[in-house]
Amino acid sequence: MTSKKQAEEEKLERMRHSASHVMAEAVQSIFPEAKFGIGPPIEDGFYYDFDLPRPLTPDDLPDIEDKMREIIKANQPFIRREVTKEEARKLFSAQPYKLELIEELPDDKLSLYQQGAFLDLCRGPHLNSTGEIKAFKLLNIAGAYWRGDERRPMLQRIYGVAFDTQEALEEHLKRLEEAARRDHRKLGKELDLFSIQDEFGPGLVLWHPKGAIIRRQIEDFWKDEHAKRGYELVYTPHLARIDLWRTSGHLEFYQDYLYSPMDVEGQKYILKPMNCLGHILIYKTKLRSYRELPIRYAELGTVYRYERSGVLHGLSRVRGFTQDDAHIFCRPDQLEEEVISVLELALFMIDTFGFSNYQLLLSTRPEKYAGTVEAWDEATDILRRALERSGLKYDIDPGEGVFYGPKIDIKFESALGKAWQGPTIQVDFNLPSRFDVTYIGEDGKEHTVVMVHRTVLGSMERFLATLLEHYGGAFPVWLAPVQVRVIPVADRHLEYADKLETELKNAGIRAEVDRRAERINQKIRQAQLEKVPYMLVVGDKEVASSTVSLRLRSGEQLASLSLERFKEAAKKAIASRAKDVAIPG
RNA sequence: GCCAGCGUAGCUCAGUGGUAGAGCAGCGGUUUCGUAAACCGCCGGUCGUCGGUUCGAAUCCGACCGCUGGCUCCA
């Protein structure tokens, strides 16, 4: 970041922080008995937590905004002063949350900021006066636990945004609107891709035919790429005996995510929350030689995890989902190469699906961990070397490893800048020893394998959500459920349109005729709304000359194109998984 | 799970105590049309569920279910 940009950021942050105090003053004037939590600046804005005599409703926001405008107009200075803890305790005697904060601060000198009638315990910095707050808007109200602890009282939080010009604020609000337009839940309904129905169960996804087409393209591509890279596809059941999960430690560590057991002829079974155990048991069906390794089992495996009702969210947080899972069993000396090739595969996938911004994170040993410190250090080093040999930039995420081993995560950004958890590569020290997963080495002795869990897309559900929001529903041709919509101008062109559909289908292209007795405008509109990449308009001219008139969903048009030429161009775009839909050139 | 808001036709939404509405979609007809919404008609809802208040409830109250925004959580 340039120093100029940094200075601007700091200025904005200061303004947002000051806006938060102004909001607190406004709330105080409306609710004199309010108790105050904390009110920091955040990305794009600020919030403040309050303990109030009654719940806020959205109708309260305009009143608070009005009051804030008055305070800003009065242009009151922010006055900083320092006091001792003792003085602070007196000043905030009616503010229990502030008192708690005061006790936890290390220094005896505390800084306070005051503007108008509002005094706050605060490190600052702030603007010189309230008049310097340029453009703001209060967005929403939310509950938030005091200090983020669900055992403590829930306060009411008001979120707002603030910018240094009205234009910047409006631009930000437009971005929020655009994000809402691209929301995968909205697009999923509009494009008829999937539904999640109360009647079937929350967090359980029904894939409609068009969503299923997209999923199948992803899955076919995924399977092909894995087969090419030496993975073997396997299938494992959705249920397994509970004892298996006791052995693995899941029952102990992930109890909260498991569904209650069901009774099958006196034996307890649970829905699997992970695919790894099936893969381990396949591995263990025979004695393995060091010569066989690495063994890579891949599965589009459906798992079920209990998620609390409040956290479910469209396709991105569900209770049953299909992971693009694989487990690599290898010798220690093979680990580095394996990680390198997973990284290569992951980045290839990300690129193919059209994402260009991503960040790599190497997570190191957490406080609670399985295995030895030496093993952790060694594996972490191997991951680091793999990243470096791949020529990739990465950041360290200290202590964020899973309890069973270090990992590399790739986070990528959608077109709107939303960050998504993408591929993850995790070394596992726990399961191989718990299940005694071994191979016979060159020395004729038994050795414990190194196991790597990895996914490159995450889950089919979450990945579709990512793709939908990234493309705003306008999928690249190879993924589009309907690739070509043939649009006859009048009924007499239906026969020709049908012929085109058949020829395109024979070429492996997903084409369909809009046979409705509607005007061409209506049919075009319908295809546009469905975001069909290619529209072929056929009327008298096209029938006479055996051509098509091509319209792209971008609105671009090309008349008198021979079917052959269109077909070849479309086939090429599909086969190459082209990211853009273009006029054949 | 917690706090707040919301739940009316397939979809988007109007309707604040007095017999449930619109547009789109669907269906039937007319129209056969050249690049983002032709015209006429018809069908369509136990107003999320259950209970309560009331002469009367989509509307007020309670419980439950679900959704949304957050919080917490997310191997």
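Each chain gets a letter, A, B and so on, in the order the sequences are listed, and its residues count up from 1. Basis for what follows: all heavy atoms, side chains included, without hydrogens, waters or symmetry-related copies.
- Checking B/C33, B/G69, B/G5 against the side-chain heavy atoms of A/Pro58 singles out B/G5 as nearest.
- Taking side-chain N and O atoms only, A/Arg305 has no distance below 4.0 Å to OP1 or OP2 of B/C73.
- Residue-level contact check: A/Asp540 touches the bases, meaning some heavy atom is under 4.0 Å from a base atom.
- With C1' as the reference atom, B/G23 and B/C61 are 34 Å apart, rounded to whole Å.
- Between A/Arg319 and the phosphate of B/C74, there is no side-chain N or O to OP1/OP2 separation shorter than 4.0 Å.
- Side-chain contact between A/Leu563 and A/Leu504 is present, with heavy atoms from C-beta onward closer than 4.5 Å.
- The A/Arg519 side chain lies nearest to B/C33 when the options are B/G69, B/C33, B/C67.
- Nucleic acid contact for A/Ala527: none, since no nucleic acid atom lies under 4.0 Å from a heavy atom of the residue.
- A/Met274 comes within 4.0 angstrom of a base, heavy atoms only.
- Contact annotation: A/Ser309 side-chain N/O to B/G1 OP1/OP2 distance is under 4.0 Å.
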Using salt bridge (charged side-chain N to carboxylate O under 4.0 Å, His left out), reason through A/Arg525 and A/Glu518 one step at a time and then give a plain yes or no. CA-CA 11 Å; A/Arg525 176 178 158 79; A/Glu518 286 289 352; over 6 Å; no
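- Note on A/Ala144: only backbone sugar-phosphate atoms sit closer than 4.0 angstrom, heavy atoms only; bases stay farther off.
- Nearest to the side chain of A/Ile520, among B/G1, B/A36, B/G34, sits B/G34.
- Between A/Phe50 atom CZ and B/G70 atom C1' the separation is 15 Å, expressed in whole Å.
- Distances were taken from every side-chain heavy atom of A/Leu529 (C-beta onward) to each of B/G34, B/A36, B/G66; the shortest belongs to B/A36.
- Cation-pi geometry between A/Arg16 and A/Phe163 is satisfied (NZ or CZ under 6.0 Å from the ring centre, within 45° of the ring normal).
- Look at CG on A/Leu139: it is 12 Å from C1' on B/G70, rounded to the nearest Å.
- The base of B/U32 lies close enough to the side chain of A/Asp491 for a donor and an acceptor atom to sit less than 3.5 Å apart.
- When side chains are defined from C-beta on, A/Ile38 does not count as touching A/Tyr97, because their heavy atoms never get closer than 4.5 Å.
- For the pair A/Arg492 and B/C33, the criterion of a side-chain N or O lying under 4.0 Å from OP1 or OP2 is met.
- Nearest-nucleotide assignment on RNA chain B puts the 5′-proximal partner with A/Leu558, out of A/His250 and A/Leu558.
- Taking the side chain of A/Gln426 as heavy atoms from C-beta on, and the options B/A38, B/C67, B/A75, the nearest nucleotide is B/A75.
- The residue among A/Ser549 and A/Gly203 whose nearest nucleotide of RNA chain B is located toward the 5' end is A/Ser549.
- Taking the six-membered ring for Trp, A/Phe50 and A/Phe31 have ring centres at least 6.0 Å apart.
- Using a 4.0 Å heavy-atom cutoff across all strands shown, A/Lys523 reaches no nucleic acid atom at all.
- Here, B/U16 and B/C6 have their C1' atoms 16 Å apart, quoted to the whole Å.
- In this model, no side-chain donor or acceptor of A/Tyr145 finds a partner on the base of B/G70 within 3.5 Å.
- Comparing B/G1 with B/U72, their C1' atoms sit 8 Å apart, to the nearest whole Å.
- Residue A/Gly148 is classed as a sugar-phosphate contact, given heavy-atom separations below 4.0 Å to backbone atoms only.
- When the side-chain nitrogen and oxygen atoms of A/His313 are compared with OP1 and OP2 of B/G69, one or more of them lie within a distance under 4.0 Å.
- Considering only side-chain atoms of A/Tyr306, the nucleotide from B/G69, B/G5, B/G1 that sits closest is B/G1.
- Side-chain proximity of A/Tyr159 to the nucleotides B/A75, B/U72, B/G70 is greatest for B/G70.
- The residue A/Leu155 sits apart from the nucleic acid: no heavy atom pair falls under 4.0 Å.
- Taking atom C1' on both B/C50 and B/A9, the two are 23 Å apart, rounded to the nearest angstrom.
- A/Glu307 comes within 4.0 angstrom of nothing in the nucleic acid, heavy atoms only.
- Under the 3.5 Å distance criterion, with hydrogens and angles disregarded, a donor-acceptor pair is assigned to the side chains of A/Thr236 and A/Lys272.
- In this structure, A/Gln522 atom CD and B/C39 atom C1' are separated by 13 Å, rounded to whole Å.
- Backbone-only engagement by A/Arg157 is indicated by non-hydrogen atom pairs under 4.0 Å involving sugar-phosphate atoms exclusively.
- Look at CG on A/Asp59: it is 15 Å from P on B/A4, rounded to the nearest Å.
- For B/U72, the base has a donor-acceptor partner in the side chain of A/Arg308 [N/O atoms by modelled type, under 3.5 angstrom].
- The interatomic distance linking A/Asp409 (CG) with B/C74 (P) rounds to 14 Å, in whole Å.
- Note: CG (A/Leu258) to P (B/A75) measures 14 Å, nearest angstrom.
- Of the C1' atoms belonging to B/A22 and B/G45, the separation is 14 Å, rounded to the nearest Å.
- As judged by a 4.0 angstrom heavy-atom cut-off over every strand, A/His453 is placed among residues making no nucleic acid contact.
- For the C1' atoms, the distance linking B/A36 with B/G29 amounts to 26 Å, nearest Å.
- At a threshold of 4.0 angstrom between heavy atoms, the contacts of A/Arg317 include nucleobase atoms, whether or not backbone atoms are also involved.
- Considering only the side chain of A/Tyr254, B/A75 comes nearest among B/G69, B/A75, B/C33.
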Using side chain to side chain donor-acceptor pair (under 3.5 Å), reason through A/His184 and A/Glu469 one step at a time and then give a plain yes or no. CA-CA 6 Å; A/His184 76 271; A/Glu469 300 194 2; 2.8 Å; yes
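- Distances shorter than 4.0 Å separate none of the side-chain N or O atoms of A/Lys186 from OP1 or OP2 on B/C11.
- Residue contacts shown for A/Phe403 are absent, as no nucleic acid heavy atom lies under 4.0 Å away.
- Among the heavy atoms of the strands lying under 4.0 Å from A/Glu542 is at least one base atom, whether or not backbone atoms are also near.
- A/Gln528 comes within contact range of at least one nucleobase, with a heavy-atom separation under 4.0 Å.
- Atom name C1', nucleotides B/G44 and B/C27: the rounded distance is 10 Å, in whole Å.
- Counting only N and O atoms by type, the side chains of A/Thr322 and A/Thr302 include a donor and acceptor under 3.5 Å apart.
- Shown here, B/A22 forms a base pair with B/U12; the pair counts as Watson-Crick or G-U wobble because both key distances fall under 3.5 Å.
- Going from atom CG of A/Leu536 over to atom P of B/G34 covers 18 Å, rounded to whole Å.
- As a whole-Å value, the separation of A/Trp245 CH2 from B/A75 C1' is 12 Å.
- Using modelled atom types, one side-chain atom of A/Glu501 and one backbone atom of A/Val513 make a donor-acceptor pair closer than 3.5 Å.
- Taking a cutoff of 4.0 Å between a charged side-chain nitrogen and a carboxylate oxygen, A/Lys407 and A/Asp397 do not qualify as a salt bridge.
- When distances are taken from the side chain of A/Ile524 to each of B/U12, B/A36, B/A75, the shortest belongs to B/A36.
- For the P atom pair drawn from B/G10 and B/G48, the interatomic distance equals 13 Å after rounding to whole Å.
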